Amino acid sequence: MPLTHLDEQGRARMVDVGEKAYTQRSATAQACVRMQPQTLQCIQSGEVPKGDVFACARIAGIMAAKRTAEWIPMCHPLPLDGIEVQCCAQGTDCVQITATVRCTYKTGVEMEALTAVSAAALTIYDMCKAIDRAMVIEQTMLLEKTGGKSGTFMRETE
């Protein structure tokens with residue numbers, strides 16, 4: 001399968017989507033921030049000095065999704081219809097972040113969903129680093145995408 005972001009000489013280029021049809025598209029991505037159990041307890045009890053960690057992470061994810069084209073060189077700026085970012089505790093030592101992004105446009109929103117969870121994870125790290133510098137951001141992945149010529153992708157569960 002040829003790479004669409006390379007020209008005939010192998011140089012990077014932005015794909016021309018001018019002739020593509022507008023379709024409804026969505027993408028859901030996920031990331032996990034692994035931490036000490038006491039760090040997660042501080043988040044859940046509201047004891048993190050910088051404030052409400054989950055609220056700040058959700059806002060960071062939304063803001064990042066809207067600005068993805070400024071960070072990822074070959075991404076098109078997209079008119080996003082909706083962005084949902086959720087943060088929830090998983091077990092005693094993990095915050096799972098999930099983002100779903102939707103638009104009606106000529107290209108997909110996978111990068112926007114991945115950028116949203118990445119920014120939210122980095123925000124959690126920033127807000128909690130004074131208590132736990134050993135946190136690890138892991139398992140950043142696309143879970144599913146719909147719409148467009150390539151159709152639907154669903155990550156298989158393990």
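Source: prediction; values computed, not measured.
- Between D93 and L40, every side-chain heavy-atom pair lies at or beyond the 4.5 Å cut-off.
- Of all heavy-atom pairs between G148 and T23, the closest is N-OG1, 3.5 Å.
- Listed for the Y105 side chain is no donor-acceptor partner under 3.5 Å among the backbone atoms of A21.
- Residue V33 is tested with I97, I43, T39, V53 for a side chain to side chain contact (heavy atoms under 4.5 Å, CB included); the sole match is I97.
- Looking only at side-chain heavy atoms (C-beta outward), Q38 and I131 stay at 4.5 Å or farther from each other.
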For residues 110-123, which side-chain N or O atoms pair as donor and acceptor with protein atoms under 3.5 Å away, sequence neighbours left out?
residue : atom : partner : partner atom : Å
T115    : OG1  : M111    : O            : 2.7
S118    : OG   : L114    : O            : 2.8
T123    : OG1  : A119    : O            : 2.8

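- Between Q30 and the choices Q139, Q96, R155, the side-chain hydrogen bond (donor to acceptor under 3.5 Å, both in side chains) rule is met once, by Q96.
- In this structure, the separation between CE on M35 and OG1 on T92 is 10.5 Å, given to the nearest 0.5 Å.
- Minimum heavy-atom separation, D81 to T104: OD2-N, 2.9 Å.
- The structure places CD of E84 at 12.0 Å from CZ of R58, a figure rounded to the nearest 0.5 Å.
- The shortest non-hydrogen separation linking D132 to M135 is O-CE, 3.0 Å.
- Considering CZ of R25 and OG1 of T152, their distance stands at 11.0 Å, rounded to 0.5 Å.
- Taken together through direct or relayed side-chain contacts under 4.5 Å among Ile, Leu, Val, Met, Phe, Trp and Tyr, I137 and V48 form part of one hydrophobic cluster.
- Judged by distance alone, the side chain of K20 and the main-chain N or O of K106 form a donor-acceptor pair under 3.5 Å.
- Closest approach of G151 and K145 over heavy atoms only: O-NZ, 2.6 Å.
- The shortest heavy-atom contact between L78 and G108 is CD1-O, 3.4 Å.
- Sorted by first and then second residue, the disulfide bond (SG atoms under 2.5 Å apart) pairs involving residues 9-50 (not counting sequence neighbours) are C32-C94.
- Annotation for Q90: atom CD counts as buried by contact number, over 12 foreign heavy atoms lying within 6.0 Å.
- For E70, the salt bridge (charged side-chain N to carboxylate O under 4.0 Å, His left out) partners at least two apart in sequence or on another chain are R67.
- Under the 3.5 Å distance criterion, the side-chain polar atoms of K66 are left unmatched by any main-chain donor or acceptor of I83.
- Annotation for C87 and I124: closest pair SG-CD1, 4.5 Å, computed over non-hydrogen atoms.
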